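See below for the structure under consideration.
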Amino acid sequence: MPDYTHVIDGLRGRRIVLGVSGGIAAYKSAELTRALGHMGVDVHVVLTEAGARFVTPLTFQALSGNRAWSGFLDEKMEDGMPHIRLGRGMDAILVAPASADFIARLAAGLASDLLSTLCLARDCPLFVAPAMNRQMWENPATQRNVATLQSDGVTILGPAVGEQACGETGPGRMLEPEVLCEELNAFFTPKLLAGRKVVLTAGPTFEAVDPVRGITNASSGKMGYALAAACARAGSEVVLVSGPVALPVPVGVRRIEVTSALQMRDGVFAAVMGVDVFIAVAAVADYRPAEPAVHKIKKSGAAIHLELVPNPDILAEVAALPEAPFCVGFAAESRDLDTFAEEKRRAKRLPMLVGNLIGDGLGGDENTVVIYDEEGRHPLPRAPKTFIARQIVERIARLLPTK
Ligand code: PMT
């Protein structure tokens, strides 16, 4: 089971109807049900007759802990009005997978089964995640129907491009459960940074010693990526200048991939002019080899002396710009966090800095941080980096000068 904890914050306590229409991707809806449940969402599954042929209502019932409905007149129905009652008090309806046939029915406003009736009688936002063969998706009839739904205010999520169950390749794959959760989460997250532009750095840098070796550190990029995702969810335009890490690009984020500190500086200066916020999460190497060897250094019995020269301080340079953005620094220390973190904040003239001890923050999924700003120190309890990121965004939004 993938880890979905990073998409938890806007979804906890929500009530969502998950509609499942007929398609092989219905098996992914079982995982989606479970993932939403893990995030504290109260999931109510409604299947079309075709959907129930792919995965039984019993499966969804077991995974959601709620009765799963199917067809039109479910014999277990108590008050005879599930098409109205089920939709009331819901925060959203998500149809995943949505087949070409179901999309056509939605676009025509048909009420031919419980799910389509529920969608027609809804008083909450409707999300549709198409899943079908690529030619069915590209067919003008489907495209017309999708355009109709969009103009009716329905949000279309996906489809993804890739290998299909039929063996063909192209657009039409249902988005992965994790991405669907993230999309819903973004919808429900308050837009604290709407209209703002944010640039971040994340991960380590790698300073070449020779063509195969280099100086780097253990930063995983998790803190920076969580923060980039939280900024995007909060409504800002986000550019993430990232050192070498093994993490996917967060939804709504543009990534510039770099290796060395000098490349990171170029990436930042290509993106930072005119932005509102710059957040330096990267663990940038302070020094680089003065002259990396052109060829692989051969082993010998003799000692090797490596001459290191200082790298530019990217954060200090951005903070010193005449029209500098709101700059947030990070500091990873092995001791005396308060003293060293405040020293760094003042030396670089930053309105805000996030301090963490190396043992707490480097590499893992959780962190314990203290935020330092002009109002003092604000310790946050240990939590997943995604939660910490959300709280940092809230603090930035509070301190950011109004436009
Ligand atoms: O990536 P993870 O595994 O999730 O770990 C997260 C983290 C521990 C790397 C992160 O939370 C963190 O603390 N990042 C800052 C690391 C650090 O110690 O930075 P520093 O003290 O060397 O630099 C202070 C600040 O200046 C940082 O914002 C840094 O990005 C920036 N800096 C430093 C040197 C340099 N040449 N250019 C910079 O921009």
Side-chain angles (χ1 to χ4, degrees), residues 3 5-6 198-207 215-230 240-247 250 258-269 271-272 277-288 308-321 324-373 380 382-389 391-392 396:
D3 175 18
T5 49
H6 64 289
V198 179
V199 172
L200 302 98
T201 63
T205 62
F206 180 93
E207 312 297 330
I215 299 171
T216 187
N217 60 68
S219 167
S220 63
K222 288 176 188 170
M223 190 66 245
Y225 275 58
L227 206 37
L240 175 62
V241 185
S242 172
V245 297
L247 297 173
V258 297
T259 303
S260 66
L262 291 180
Q263 289 172 355
M264 185 169 274
R265 180 212 213 183
D266 288 348
V268 166
F269 275 90
V272 86
V277 182
F278 175 60
I279 313 175
V281 195
V284 185
D286 288 326
Y287 295 90
R288 67 179 186 279
L308 301 176
V309 292
N311 269 326
D313 190 315
I314 304 165
L315 174 58
E317 288 185 7
V318 173
L321 285 171
F326 182 91
C327 285
V328 180
F330 267 70
E333 305 295 341
S334 55
R335 64 194 163 95
D336 295 337
L337 183 60
D338 283 349
T339 312
F340 291 135
E342 260 302 342
E343 258 175 37
K344 274 184 190 167
R345 190 177 80 81
R346 292 191 187 283
K348 296 189 192 189
R349 296 168 190 271
L350 307 174
M352 183 171 156
L353 182 135
V354 181
N356 46 194
L357 287 168
I358 285 164
D360 285 334
L362 200 64
D365 291 332
E366 298 194 336
N367 204 355
T368 309
V369 308
V370 181
I371 297 178
Y372 303 87
D373 57 32
L380 302 183
R382 182 165 190 83
K385 285 179 178 170
T386 48
F387 282 34
I388 301 277
Q391 293 171 82
I392 294 172
I396 292 172

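Small disclaimer: the values here were computed from a predicted structure and weren't measured. First listed ligand is number 1; within each ligand, the first listed atom is number 1. We're numbering straight along the sequence, starting at 1.
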Quick one: does V272's side chain get under 4.5 Å of L321's, heavy atoms only? yes
For ligand 1, find out whether one of its N or O atoms is nearer than 3.5 Å to an N or O atom of G221. yes
Which atoms of ligand 1 are found less than 4.0 Å from any heavy atom of M223? 4 (O), 6 (C), 11 (O)
Would T201 and F330 count as a side-chain contact (heavy atoms from CB on, under 4.5 Å) if you check the C-alpha gap in whole Å, the side-chain angles of each, and the deciding distance to 0.1 Å? CA-CA 10 Å; T201 63; F330 267 70; over 6 Å; no
Closer than 4.0 Å to some heavy atom of A280 - which atoms of ligand 1 meet that? 27 (C), 28 (O), 30 (O)
When rounded to the nearest 0.5 Å, the distance separating CG of L380 from CG of N367 is 9.5 Å
Does L315 reach ligand 1 with a nitrogen or oxygen that is under 3.5 Å from one of the ligand's nitrogen or oxygen atoms? yes
Here the atoms of ligand 1 under 4.0 Å from any heavy atom belonging to G329 are 28 (O)
Here the atoms of ligand 1 under 4.0 Å from any heavy atom belonging to S219 are 1 (O), 2 (P), 3 (O), 9 (C)
Applying a heavy-atom cut-off of 4.0 Å, say which part of D286 lies close to ligand 1: side chain, backbone, both or neither. side chain
Taking only heavy atoms of F330 into account, list the atoms of ligand 1 that are under 4.0 Å away from them. 10 (C), 11 (O), 12 (C), 13 (O), 14 (N), 15 (C), 19 (O), 23 (O), 24 (C), 25 (C), 27 (C), 28 (O)
Would you mind listing which atoms of ligand 1 come within a distance below 4.0 Å of any non-hydrogen atom of A331? 13 (O)
Looking at K385, which atoms of ligand 1 are within less than 4.0 Å of one of its heavy atoms? 2 (P), 3 (O), 4 (O), 5 (O)
Applying side-chain contact (heavy atoms from CB on, under 4.5 Å) to V318 and V199, what does each step give before you reach the verdict? CA-CA 11 Å; V318 173; V199 172; over 6 Å; no
With heavy atoms of V281 as the reference, note each atom of ligand 1 found under 4.0 Å away. 9 (C), 10 (C), 12 (C), 14 (N), 15 (C)
Using atom types as modelled and distance alone, determine if a side-chain donor or acceptor of K222 lies under 3.5 Å from a backbone N or O of L247. no
Mind checking whether G203 has a heavy atom under 4.0 Å from ligand 1? no
Would you check the N or O atoms of G363, main chain and side chain alike, for any that come under 3.5 Å of an N or O of ligand 1? yes
Before signing off on this row, confirm whether G364 and ligand 1 have an N or O atom pair separated by under 3.5 Å. no
Please state which part of A316 comes within less than 4.0 Å of ligand 1, counting heavy atoms only: side chain, backbone, both or neither. neither
Looking only at atom types and distance, does a side-chain atom of E207 sit under 3.5 Å from a main-chain N or O of A261, one as donor and one as acceptor? yes
Within the 4.0 Å heavy-atom cut-off, what N356 brings close to ligand 1 is side chain
V245 vs P204 side-chain heavy atoms within contact, under 4.5 Å: yes
Quick check against the 3.5 Å criterion: does R288 have a side-chain atom that pairs as donor or acceptor with the backbone of L308? no
